[in-house]
Amino acid sequence: MTAAPADTGTAIGMSGVTVRFTSRRSQTTALDDVSLDIEPGEFVTIVGPSGCGKSTLLKIIAGLVTPTSGAVSLRRRPVRGPQKEIGFVFQKAALLEWRGARANILLQAEMRGMDRALAARRADELIEMTGLTGFEKALPHELSGGMQQRVALCRALLHSPPVLLMDEPFGALDALTREQMNAELHRIWRETDTTVVLVTHSIAEAVFLGTRVVVMSARPGRIIRTFPVELPAHRDYAQVMSDSRFDRLATDLRGLLGSAAANH
Amino acid sequence: MTENALDTAGRRAGSPATGGVGPSPVAGLPPGSGGRPPRPTLGRRAATFADSLWRPALVLAAFVAAWWFVAAREYVPNYLVPTPGQVWETMTGQWSELARHTVVTLYETVFGFVLAAALGLATAVAIAYSRTLDKALYPIVLFAQVIPKIAIAPLLVVWFGLGLTPKIILAVLIAFFPVVISGVAGLRSTDPELLDLAATMGAGPWRTFRKIRFPNALPHLMAGLKVAVTLAVVGAVVGEFVGASEGLGYVLLLANGNLDAPLLFADLILMSAIGIVLFVLVEIAEALLIPWHASRRAGVSLTTS
């Protein structure tokens, strides 16, 4: 937390980031003095009550929102304007409804002007890895929510981004599909050396996936605490759920989040 | 049958019972079927087409029968309402003349429509992309729409003479507005997350327009074009009313003046035919361009979880 942003190989660095939105009538502080450094290869999950600026935090890292004050860096370069070295997954799959699954994944390549053959090979790998084989040509409306989110994940991973930002990617899925997606995401993260920042409402998801859990307070969003997750790097969903360390951390988080919401 | 099989396969894929690791969603699916229902065969398509056609055809037949009955019994004098037979005779007897005039009106309509579509789309893009142009152009577009176009037809004839130009301009003026409105609505309907996504993909405005915003606007735009194409016919005909030496509008005035009811009816039928044919062409273009859109699909979901 207190490490200097420079010289540590930081993947993402934020120091003193404050965001205020000014509308005609009022001014709201979405984020208040947020500082967070994320090492390469980390999987940081961010939990907090609704409207605590978690999504804004991701958009700041992506360069889609400019903070009112504070400094942000991505791979030790200051963030100014939209960043290209990231993959972004939204809560909605945000697919192009006129394109099949594979073509939706390849949008990433077309927009970046990537090498076609390379992109095609990579797309096939990802389709295989996420179990979308056989659905390459299916249009989004022909796919279930879980399948759509897999396509969005593949699209975000196509260019092998060093940093993956996920904004409640599984929030709209049913509990069982969500568990399955969590297990898959964990496997994908293990198999690549991607740095992941995932925003979620689910404590179980945050603990299962994260190497570190960041807890934020209700508006104005502040980082209350950061918990390292002391679980093995290679996690099995059922095992983790019955692990006493999981229980303890989840209980701590629940207590903290309860007070974070109540204090507001 | 096939759809059922697919549906089961999809459900199996989405079901958590398969566990987290390497699910195989297409266990029961033959390779190469691509996870989609097969395209309808030509026969199936013809059948759907016939199915959609027989109801209006029946209504039309009933209408013609009633017309024929009224005219043949002379409930209304024949110089006011001719029989279908008389109209048919006129149509076939004067076909070469009528065909020439139809081509003129068709030309004016299509020219006007294409021009209106191009100008309308360009204006819509300008309005959707630039706040300044939005503020500057939108009121003017609206104002131009509020002016009764038919009232400026005589002025156009004074300015541009009796040739095709004033008719085309009138067709453009009338067909322009729905294209602009639908184009702006379509371009503005892009999901902001998709635009955020495009930004993180490092794509410039042109790529974002071509790959995301324009295809996304197509359903709206096609709806506008369908309205526009029927209005373009009105523009061309009104232009011919005001001053022309050829075209179906000119023939209509002539027939009216001579109390030549069969010719008048034949002329009306041809005018309507132009509108219908052009509308159907735009519909076909729509079916080809946006087969994916909700308005154009049966709505079979492959996976349910």
Side-chain angles (χ1 to χ4, degrees), chain A residues 59 62-64 81-84 86-88 90-92 94-101 107-108 110-113 128-147 155-156 159 161 165 167 173-184 186-187 236-237, chain B residues 3 6-7 9-11 13-37 190-204 207-208 210-213 215-216 218-219 289-294 297 299-305:
Chain A
K59 286 197 173 173
L64 296 169
Q83 297 297 299
K84 288 178 70 177
I86 57 166
F88 210 119
F90 299 95
Q91 180 171 7
K92 289 184 293 170
L95 302 176
L96 303 181
E97 47 174 329
W98 54 91
R99 284 176 174 234
L107 176 75
Q108 182 78 262
E110 290 166 29
M111 298 293 266
R112 283 172 188 273
E128 169 100 51
M129 185 155 81
T130 51
L132 283 168
T133 314
F135 290 84
E136 288 93 340
K137 286 181 182 158
L139 294 175
H141 74 89
E142 297 168 326
L143 294 170
S144 65
M147 288 289 204
R155 179 180 62 192
H159 52 301
L165 305 174
D167 188 2
L173 304 182
D174 64 88
L176 293 173
T177 311
R178 186 172 190 157
E179 283 178 14
Q180 192 193 351
M181 293 296 289
N182 280 344
E184 281 182 33
H186 177 67
R187 185 170 50 84
D236 174 83
Y237 203 87
Chain B
E3 276 160 15
L6 286 172
D7 200 33
R11 210 171 276 144
S15 104
T18 49
V21 191
S24 162
V26 281
L29 213 62
S33 61
R36 293 183 69 181
T190 318
D191 185 347
E193 289 193 339
L194 278 174
L195 297 178
D196 274 352
L197 198 71
T200 67
M201 289 173 170
R207 261 191 194 161
T208 309
R210 203 159 52 93
K211 304 262 181 202
I212 298 176
R213 288 191 87 162
N216 186 72
L218 268 179
L289 281 171
I290 51 167
W292 47 270
H293 191 247
R297 65 189 185 218
V300 188
S301 182
L302 283 183
T303 57
T304 46
S305 61

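Just so we're clear, the structure is a prediction, and the values are computed from it rather than from any experiment. Letters go in sequence order (proteins before strands), and every chain restarts at 1. All heavy atoms count here, side chains included; hydrogens, waters and symmetry mates do not.
- Annotation: maximal heavy-atom pairing with chain B below 4.5 Å, among Ala156(A), Gly113(A), Ala101(A), occurs at Gly113(A).
- Counting all heavy atoms, side chain and backbone alike, Pro82(A) lies closest to Ala199(B) at CB-O, 3.6 Å.
- At a 4.5 Å heavy-atom cutoff, Leu218(B) makes no contact with chain A through either its backbone or its side chain.
- Atom CG in Leu165(A) sits 8.5 Å away from atom OG1 in Thr200(B) (nearest 0.5 Å).
- Remark: Glu193(B) CD to Lys59(A) NZ distance equals 6.5 Å, nearest 0.5 Å.
- Both the backbone and the side chain of Gln108(A) come within less than 4.5 Å of a heavy atom of chain B.
- Counting heavy-atom pairs closer than 4.5 Å to chain B, the top-ranked of the candidates Glu179(A), Arg178(A), Met111(A) is Met111(A).
- One finds the NE2 atom of His293(B) at 12.5 Å from the CG atom of Leu139(A) (value rounded to the nearest 0.5 Å).
- In this structure, the separation between CZ on Phe88(A) and CG on Leu197(B) is 9.0 Å, given to the nearest 0.5 Å.
- At least one side-chain heavy atom of Lys211(B) sits under 4.5 Å from a side-chain heavy atom of Arg99(A).
- Only the side chain of Arg155(A) comes within less than 4.5 Å of a heavy atom in chain B; its backbone stays farther off.
- The structure places CG of Leu194(B) at 8.0 Å from CZ of Phe90(A), a figure rounded to the nearest 0.5 Å.
- Of the two parts of Asp191(B), only the side chain, counted from C-beta on, holds a non-hydrogen atom closer than 4.5 Å to a non-hydrogen atom of chain A.
- Looking at Lys92(A), the atoms closer than 4.5 Å to chain B (heavy atoms on both sides) sit in the backbone and in the side chain alike.
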